[in-house]
Amino acid sequence: MRTSPELRRKLISVAAVSAALLTAAPASVAVAQEAAPRPAAVPAAQTEAAPGIQAERLIVGYKSGATEAKSNKAAAADAESKAEKTGEDIDFQRRLGTGAALVELGTHPTRASVADVVAQYKADPQVAYVVPDRLNKPTAVTPNDTEYSKQWDLFESTAGMNVPGAWDTTTGSGVTVAVIDTGYVTHSDLAANIVGGYDFISDTAVSVDGNGRDSNPADPGDWYNDNECGQGIAASGSSWHGTHVAGTIAAATNNGKGVAGIAHGAKISPVRVLGKCGGYDSDIIDAITWASGGTVSGVPANTNVAKVINMSLGGGGACSSATQSAINGAVNRGTSVVVAAGNENQNVSNASPANCNNVIAVAATNRAGSRASYSNYGSLVDIAAPGGETRTSTANGILSTLNSGTKTPSSENYAYYQGTSMATPHVAGLAALMKSANSALTPAQIESAIKANARALPGTCSGGCGAGLADAAKTVQAVKGGTSTGTTFSSTTAVAIPDNGAAIESPISVTGRSGNAPSALQVGVDITHTYRGDLVIDLVAPDGSTYRLKSAASDSADNVNTTYTVNASSEVANGTWKLRVQDTAAQDTGTLNGWKLTF
């Protein structure tokens, strides 16, 4: 069993930061043998019927002027006529919502017989089109990675992060995630997704590799002897921590081996800051700056700028002004910074950089969906994600890419770890999926959407675990196609608002949108009223959910003519939205002149 590197510290300086926040590293599992590839998912059928196609039913669209376009009797007669001409069984079944006719062919028709029927319909001048009634199947197929069944954290209904449901939309392509950690040790299940990084460790006592900063982020191992990292601290083997984190984010997937990565279409830029006994704030600050596209003196410009940074690391105390400045710079450059809450079972307010502003602080949950016993907690936690807990079973940890070397690199393997270090890359991977699905998202919008679309913890969390358990599928669906701006739907129908009476409602029908509403839905309201403090105003979503725009208050001013911003990312965009207005006190009346929704 590997020991935790979280207590490692370079005691020669108060600026030292503890090593990666890993609470345990149970036994490794052997490298999986490559399995024979599974059959590919059923490809999409051709969009038009063609000779030789196999089909049991056809959809026939008639031209608008044809009798068969409106009369079921005529469509049935036409089917009988074509049956006589082809000698095949053809039966009219029903009219589709588009007006097309569904016809069924005989039992197990041959490709040749289908081709004959299609040819007859195509030759009919009253027919606009004839296409097969295709059988569709789910596209979110299970990856063929040999260890995928052990990755409960991705797919289990109780406490998994619902990742497979997001893969229909995106796998993270076009996004680079910087893993600021121990570096990267070569692993065939990761190699395809690794791009250039950097080694920012300037102190050779920490770097172990015999030199200072350079362009090689290879992890030489972070092992140490008894008392080497502080009196009473026992020896530990190398953790290969950065490689484990990177595998959770972007291990190659559907390659018939190993594990699946959450954002397996994304790229990983390994940025090395942690070595023997930990790493210094100064190196981490430069790494944050460089990874996000900022300039660091003496370091070449980054050609693989990251839109997501994963920092599964931390130390005690308050967030320093120096670290906060680096984080602010990264966020201002458009990079989300995801940080481990820490593993001390204490309030996260005592753990840096998780207690900094502008980060997404991640707590860890176990396989039952409760806060893991080691995880930090508190009001500064933003979200929870699977981090594992191996007290009762190693298999309840998080399985990812690793190396079998106890000190220096040896053969590649996979191992179960637990910790907020393991929870953090789940959220970093989700952020990469979101950014890939909608490149316009800002770090603030990414954080907001992750929180808004989290689900309640299935277990318990004493002390506070943020918005709940991150849900990849729901979050990606919410940001995909629902954040474009400039499309406005409005109502100009005036509705009287009775004095101290029942609420009135004004509907707007939204059509033609895809996905969910945006996290910054604009609601414009124009109300004439002689005492607006009497008014309560709600936005009602298509499913009946309500969003309070304005409460009653001591406000004697006239009229409401303003725009409210609503996080409606959990709502389907299309449907009937309503503005509900109620006058809650006597003596004043008014009129809702109109309102609008801007997507």
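Everything quoted here is computed from the prediction, not taken from an experiment.
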Legend entry - Proximity of Phe489 and Phe599 rings by center, below 6.0 Å: yes

Inset, instruction - Keeping the roles fixed (side chain from Asp78, backbone from Glu80), state whether a donor-acceptor pair exists under 3.5 Å. - result: no

Inset, instruction - Give a yes or no on whether the ring-centroid distance for Tyr148 and Phe155 is below 6.0 angstrom. - result: yes

Inset, instruction - Quick one: list whatever passes salt bridge (charged side-chain N to carboxylate O under 4.0 Å, His left out) with Asp153, sequence neighbours left out. - result: none

Legend entry - Arg95: partners by salt bridge (charged side-chain N to carboxylate O under 4.0 Å, His left out), with sequence neighbours left out: none

Legend entry - Lys/Arg N to Asp/Glu carboxylate O, Lys257 vs Asp189, below 4.0 Å: no

Inset, instruction - May I ask you to decide if Trp595's main-chain N or O and Ser490's side chain share a donor-acceptor pair within less than 3.5 Å? - result: no

Legend entry - Under-4.0 Å salt bridge between Asp124 and Lys82: yes

Inset, instruction - Flag yes if more than 12 heavy atoms outside Lys550 fall under 6.0 Å of its NZ atom; otherwise flag no. - result: yes

Legend entry - Ion pair check, Glu104 and Arg57, cut-off under 4.0 Å: no

Legend entry - Any donor-acceptor N/O pair, Asp543 side chain to Ser545 backbone, under 3.5 Å: yes

Legend entry - Tyr414-His187 aromatic ring centre distance below 6.0 Å: yes

Legend entry - Shortest non-hydrogen contact from Ser491 toward Pro507: CB-O, 3.9 Å

Inset, instruction - Give a yes or no answer on whether the side chain of Asn193 reaches the backbone of His264 with a donor-acceptor pair at less than 3.5 Å. - result: yes

Legend entry - Side-chain donor-acceptor pair present, Thr243, Thr401, cut-off under 3.5 Å: no

Inset, instruction - Examine distances only and state if a side-chain atom of Thr563 and a backbone atom of Gly524 form a donor-acceptor pair shorter than 3.5 Å. - result: no

